[in-house]
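Written out below as structure tokens is the structure these notes cover.
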Amino acid sequence: MTGALVVAIDGPAGSGKSTVARAVAARLGLSVLDTGSMYRAVTALALRAGLDPHDADKVSILARDADLVVGDRVTSLDVDLTAELRSDGVNEAVSVVAAHPGVRAALVERQRAWVTTHGGGVVEGRDIGSVVFPHAAVKVFLTASDAERARRRADDEHPDSVARRDRLDEGRVASPLRPATDAHVLDTTGRAVDDVVDEILAWL
């Protein structure tokens, strides 16, 4: 992974991570990885298997051993999980699953392997700059007003669910949601995507 360009984009739900990450990747000609989809996929698989999301041991083994392909679609052993990732069940359980240190360790390993395979990339999530890629070329932590975040997520998740997940992710022991000490904190409220991307690229 030596010399690979990594752009780390973190932030809470509705801050614009996915939209901005895709736009930055397009400008730089890099691949993009949505790490949140990985945690959601493990959660979906756990629910399919009838596992208790609170069972750290079993869910961590699942995260380590599952066949996962994360891209425009998210699949496991040719089963397309994409439509399940934003289901109420996954929304309810994903922060519980993501809080297990064993799950995080397994998926961080996968995320680093993805960057090695792709020769760099734009990686978005909640602990990318602080834990997964602490030496990323640039680390960005996006924020937005509560009203703006609720508006952006209104189509696929109730605001109360978003707020609950953020509280859980901020309070977890393993890799909590918070800016890296050297991250650029950027408020996207009311800003055009191209304007945000220009500012991020200026930091490279």
Side-chain angles (χ1 to χ4, degrees), residues 6-28 30-41 43-44 70-72 74 82-99 111 121-133 136-172 175-204:
V6 177
V7 177
I9 299 181
D10 292 306
S15 60
K17 296 190 303 294
S18 295
T19 300
V20 170
R22 288 193 296 268
V24 169
R27 292 268 203 105
L28 294 174
L30 295 174
S31 298
V32 62
L33 176 63
D34 173 5
T35 65
S37 290
M38 300 178 79
Y39 289 98
R40 286 179 172 273
T43 304
V70 178
D72 291 335
V74 179
T82 309
E84 297 176 38
L85 300 188
R86 301 288 174 184
S87 68
D88 290 343
V90 170
N91 285 340
E92 180 71 20
V94 64
S95 288
V96 174
V97 168
Q111 292 154 17
V122 178
V123 186
E124 59 127 323
R126 296 192 165 208
D127 65 342
I128 307 307
S130 57
V131 174
V132 186
F133 295 108
V138 63
K139 304 175 190 178
V140 183
F141 191 91
L142 300 182
T143 65
S145 69
D146 290 346
E148 180 76 358
R149 292 171 56 217
R151 182 189 65 78
R152 291 171 179 170
R153 297 306 296 267
D155 289 341
D156 58 15
E157 189 172 1
H158 191 279
D160 290 347
S161 175
V162 173
R164 173 183 169 277
R165 288 197 297 108
D166 286 342
R167 287 194 303 271
L168 289 171
D169 289 351
E170 288 166 354
R172 70 184 175 222
S175 306
L177 168 63
R178 66 183 56 160
T181 55
D182 54 348
H184 300 273
V185 178
L186 182 56
D187 190 333
T188 64
T189 305
R191 295 186 61 177
V193 173
D194 284 344
D195 182 40
V196 173
V197 173
D198 286 342
E199 186 163 355
I200 292 171
L201 295 183
W203 294 326
L204 282 171

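Note that this is a predicted model, so its numbers are computed, not measured. Both backbone and side-chain heavy atoms feed into the values below; hydrogens, waters and symmetry mates do not.
- How far OG of Ser87 is from CD of Glu92: 10.5 Å, rounded to the nearest 0.5 Å.
- Between Ala13 and Arg126, the shortest heavy-atom contact is N-NH2, 3.0 Å.
- Within 6.0 Å of CG on Asp72 lie no more than 12 heavy atoms contributed by other residues, nucleotides or ligands.
- At a cut-off of 3.5 Å, with distance as the only test, no side-chain donor of Glu124 or Thr35 sits close to an acceptor on the other residue.
- When all heavy atoms are compared, the tightest approach of Gly129 to Lys139 is O-NZ, 3.3 Å.
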Item to check | Candidate pair Asp10 and Leu142, rule side-chain contact (heavy atoms from CB on, under 4.5 Å), full reasoning | outcome: CA-CA 6 Å; Asp10 292 306; Leu142 300 182; over 6 Å; no
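- Residue Thr143 holds its OG1 atom at 11.5 Å from NZ of Lys17, rounded to the nearest 0.5 Å.
- Without hydrogens or angle criteria, Thr188 side chain to Gly16 main chain gives no donor-acceptor distance under 3.5 Å.
- The minimum heavy-atom distance linking Ala144 with Gly14 is given by the pair CB-O, 4.2 Å.
- Contact record, Ala23 with Val193: CB-CG1, 3.8 Å, taken as the closest heavy-atom pair.
- Residue Ser37 holds its OG atom at 6.0 Å from CZ of Arg86, rounded to the nearest 0.5 Å.
- Within the 4.5 Å cutoff, the side chain of Leu186 has heavy atoms near those of the Val196 side chain.
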Item to check | Intermediate values then yes/no, side-chain contact (heavy atoms from CB on, under 4.5 Å), Glu199 and His184 | outcome: CA-CA 10 Å; Glu199 186 163 355; His184 300 273; over 6 Å; no
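- From Phe141, atom CZ reaches atom OG of Ser130 across 8.5 Å, with rounding to the nearest 0.5 Å.
- For the side-chain contact (heavy atoms from CB on, under 4.5 Å) criterion with Val7, the lone passing option out of Val20, Val123, Leu28 is Leu28.
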Checklist entry - Which is it for Val90 and Tyr39 under the side-chain contact (heavy atoms from CB on, under 4.5 Å) test, yes or no, and what are the steps along the way? => result CA-CA 10 Å; Val90 170; Tyr39 289 98; over 6 Å; no
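- How far CE of Met38 is from CG of Leu85: 12.0 Å, rounded to the nearest 0.5 Å.
- Note that CG of Asp187 and OG of Ser145 are 7.0 Å apart. Values are rounded to the nearest 0.5 Å.
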Next on the checklist: Let's go through Ile128 and Ile9 carefully: what are the C-alpha distance in whole Å and the side-chain angles of both, what is the deciding distance for side-chain contact (heavy atoms from CB on, under 4.5 Å) to 0.1 Å, and is it a yes or a no?
Outcome noted: CA-CA 7 Å; Ile128 307 307; Ile9 299 181; over 6 Å; no
